[in-house]
Amino acid sequence: MAKELTSRSENYSQWYNDLVVKADLADNSAVRGCMVIKPYGYAIWEKMQAELDRMFKETGHVNAYFPLFIPKSFFSKEASHVEGFAKECAVVTHYRLMNDPNGKGIIVDPDAKLEEELIVRPTSETIIWSTYKTWIQSYRDLPILVNQWANVVRWEMRTRLFLRTTEFLWQEGHTAHATSQEALEETERMVNVYATFAEKFMAMPVIMGAKSANERFAGAVETYTIEALMQDGKALQSGTSHFLGQNFAKAFDVRFATKEGTEEFVWATSWGASTRLMGALIMAHSDDNGLVLPPKLAPFQVVIVPIYKQEEQLLAISEKVESIVSKLKSLGISVKYDNNDNKKPGWKFAEYELKGVPVRIAIGPRDLENGTVEVARRDTLEKQVVSMEGIELFVQKLLNDIQENIYNKAFAFRKEMTTPVETYEEFKDVLQNKGGFISAHWDGTSETEQKIKDETKATIRCIPFDQIPEEGKCVYSGNPSKGRVLFALSY
RNA sequence: CGGGGUGUAGUACAGUUGGUAGUAUGCCUGGUUUGGGACCAGGAGGUCGUCGGUUCGAGUCCGGCCACCCCGACCA
């Protein structure tokens, strides 16, 4: 029986939910707002992790691990930080359960109350900077370039698989530097790493830029972001890199002796990307037939489906497949041979399309006779019969083509969906009838941004790094502006 | 936290005026099939979310509670 997906045009949100569940990426769990990431989904996340981890290490970072729990008092040390996160923290108050003396079940042992409550980390700046205090005395101890892979908890009011879950997986980099300049360079370096990853691996074009004050991370002096555009015209913040100035060093009293013998507060950055990238990946490329994965992140890039009548035919096919598999593997191409006899070829075709496997090879008696195979590409759903001879090179090129094609497609879409506007009327019209990024002049004030948000729900996604200096008038207030910023509805 | 919805077999659902639970799919056995989600035969699987009430009798009616999902406000 078919696993029917809701179409994107019918209900985009439903389509997304259906897709995540039916492609076996993740499921809702017994715990409100928390998901189970299933093996196929987790395999994609592992691919992302592996590549990001490699890029972090290439830029000089090392991994470490800090505690899940943070003493409550740590949170009050940085004022804007606590304000940003206080409303969404899970708090541990007790450490023991007991049998309910009044009957069945178990209760929290009232005698096991913690003297100081522990916060389940929503992010680790505080626990890490309290630790850095003990690591840093001299300029010789700097820089510290640490990343951690972890889970964090943010008690969001409303959740969506991958896009916003109560618990999510991410990495958070926390670096310490002797100078403002150096920390700023680091902040920029890491947002570039994210952008490179998004474009080269996820095949997802992003716009790099700075956040406005309203959208900045709680406790940051400056937040850089990569913003991607989803197929429904909404923006998705896909990675952020923060210049924290000396805020956390001051909050946790982290000072160092300079070469000159003076004492100064340490400069900080933090940067993170989460399982939300999975949501971005899903929405960036997929269609009404299911997932479309970029070859560089697909758990397996090629699936081979045998078509046969009798056992002897399967044996003959398997023999051919074996050599194809080894040739593909020698080129570093990952491949799955699905010789499961319980499912018919047609079922497998549909299933692997749903799961977004980039290339499918079918091989049957007809092919054995002709020395050919049928190759189908997921992005365009095109099929062609090609010679078995040199198939590995054909597939290698095809995988590259697919990676490039889905990037180009997403890029063209974003271009089409980025609209410059001059008036507020136009702004509202585009927002309502077209969506996407709106490139508009803004007077630079928080008040204006807030008013636009209140009236239209659109926010400034970023002030692009490649902003062209241009005299203009704020689309809302009419006050002078020096360049355009990008507005959009966002996830 | 407001609004809406749903809890019945692994999953998705149906269940009429209240009469002792069914369909599809999946699963197990056997056989036939296999180039776009196969078919036949047999079989296993449910204290109907939970607590209470009405009743001779409750999946069904009434009340409380719980959970999850969806839509908003908050956020990555």
Side-chain angles (χ1 to χ4, degrees), chain A residues 1-6 11 13-14 16-18 21-22 27-35 83-89 104-105 122-123 152-172 194 211 214-218 223 225-228 235-242 270-280 289-290 305-311 313-314 317 338-354 360-370 372-374 376 381 383 385 453-454 457 459 461 490-491:
Chain A
M1 193 58 203
K3 294 190 196 174
E4 284 298 324
L5 274 184
T6 305
N11 184 339
S13 175
Q14 180 78 45
Y16 175 82
N17 286 332
D18 281 3
V21 172
K22 289 178 177 164
D27 234 330
N28 284 303
S29 70
V31 185
R32 189 202 77 105
C34 294
M35 65 179 164
E83 197 182 322
F85 286 104
K87 289 171 292 184
E88 52 187 40
C89 286
K104 42 199 173 210
T123 180
V152 289
V153 167
R154 295 184 189 174
W155 214 267
E156 302 287 353
M157 293 170 187
R158 203 160 110 56
T159 58
R160 296 195 66 191
L161 292 169
F162 287 119
L163 295 173
R164 182 170 299 104
T165 46
T166 301
E167 178 192 18
F168 57 96
L169 307 183
W170 77 344
Q171 58 68 218
E172 46 182 328
Y194 290 140
K211 284 291 187 189
N214 290 16
E215 298 285 319
R216 206 172 276 153
F217 175 74
T223 289
T225 178
I226 55 170
E227 296 287 326
L236 183 72
Q237 178 176 309
S238 306
T240 48
S241 183
H242 316 290
S270 69
W271 28 274
S274 70
T275 35
R276 176 178 247 204
L277 286 176
M278 293 285 295
N289 294 309
V305 177
I307 295 157
Y308 57 94
K309 290 201 199 321
Q310 303 90 23
E311 194 68 16
Q313 252 169 3
L314 177 61
I317 290 167
D338 186 353
N339 60 358
N340 182 348
D341 193 39
N342 297 331
K343 305 289 186 201
K344 285 183 66 179
W347 190 93
K348 293 177 185 175
F349 292 172
E351 181 69 8
Y352 291 114
E353 262 161 32
L354 182 60
R360 181 186 74 231
I361 296 176
I363 171 166
R366 211 188 294 158
D367 298 299
L368 287 184
E369 235 169 80
N370 303 331
T372 57
V373 295
E374 183 194 78
L381 296 172
K383 289 190 279 199
V385 175
K453 184 180 180 183
D454 293 343
K457 291 182 184 167
T459 51
R461 300 322 301 158
S490 74
Y491 276 96

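By convention in this document, chain letters (A, B, ...) are assigned in the order of the sequence lines, proteins followed by strands, and residues within each chain are numbered from 1.
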Q | Lys/Arg-Asp/Glu bridge criterion (N-O < 4.0 Å) met for A/Glu374, A/Arg366 | A | no
(Q) Using the P atom as the point on both nucleotides, what is the distance between B/C39 and B/G7, in whole Å? (A) 29 Å
Q: Please report, rounded to the nearest Å, how far the P atom of B/U34 is from the CD atom of A/Glu374.
A: 17 Å
Q. Are any side-chain N or O atoms of A/Arg276 and backbone N or O atoms of A/Phe162, one a donor and one an acceptor, separated by less than 3.5 Å?
A. no
Q. Partners of A/Trp155 by side chain to side chain donor-acceptor pair (under 3.5 Å), sequence neighbours excluded?
A. none
**Q.** Under 4.0 Å protein heavy-atom contacts per nucleotide of nucleotides 67-76 of chain B, with B for base, S for backbone only and - for none
**A.** -SSSBBBBBB
(Q) Just verifying a value: how many Å separate A/Asn28 CG and A/Arg160 CZ, rounded to the nearest 0.5 Å? (A) 11.0 Å
Q) What pattern of brackets, bars and dots sums up RNA chain B from 5' to 3', given Watson-Crick or G-U wobble pairs under 3.5 Å, [ ] for crossing pairs and | for another strand? A) (((((((..((((.....[..)))).((((((.....)))))).....(((((..]....))))))))))))....
What nitrogen or oxygen pairs link the protein and nucleotides 64-66 of chain B at under 3.5 Å?
none

Q.
Closer than 3.5 angstrom, by distance alone: can the side chain of A/Thr159 be matched with the main-chain N or O of A/Thr166 as a donor-acceptor pair?
A. no
(Q) Across nucleotides 5-11 of chain B, 5' to 3', mark each nucleotide with B, S or - according to how protein heavy atoms within less than 4.0 Å reach it. (A) -------
Q: Ignoring backbone atoms, test whether A/Lys344 places a side-chain nitrogen or oxygen under 4.0 Å from the OP1 or OP2 oxygen of B/A38.
A: yes
(Q) Students often mix this up, so state it plainly: with edges at 30° and 60°, are the rings of A/Phe217 and A/His242 parallel, tilted or perpendicular? (A) parallel
Q. Whole-Å distance between B/U29 P and A/Asp341 CG?
A. 13 Å
Q: Could you measure between the two C1' atoms, the one in B/C51 and the one in B/A12, and give it in whole Å?
A: 28 Å
Q) Are the side chain of A/Glu215 and the backbone N or O of A/Lys211 linked by a donor-acceptor pair below 3.5 Å? A) no
Q.
Roughly how many Å apart are B/G3 and B/G57, using the P atom of each and rounding to a whole number?
A. 37 Å
Q. Of all residues at least two apart in sequence or in a different chain, which pass the side chain to side chain donor-acceptor pair (under 3.5 Å) check with A/Asp18?
A. A/Thr6, A/Gln14
Q: For A/Pro365, answer base if it contacts any base atom (sugar-phosphate contacts may also be present), sugar-phosphate if it contacts only those atoms, and nothing otherwise; contact means non-hydrogen atoms under 4.0 Å.
A: base
Q | Separation between CG of A/Leu5 and NZ of A/Lys22, rounded to the nearest 0.5 Å | A | 6.0 Å
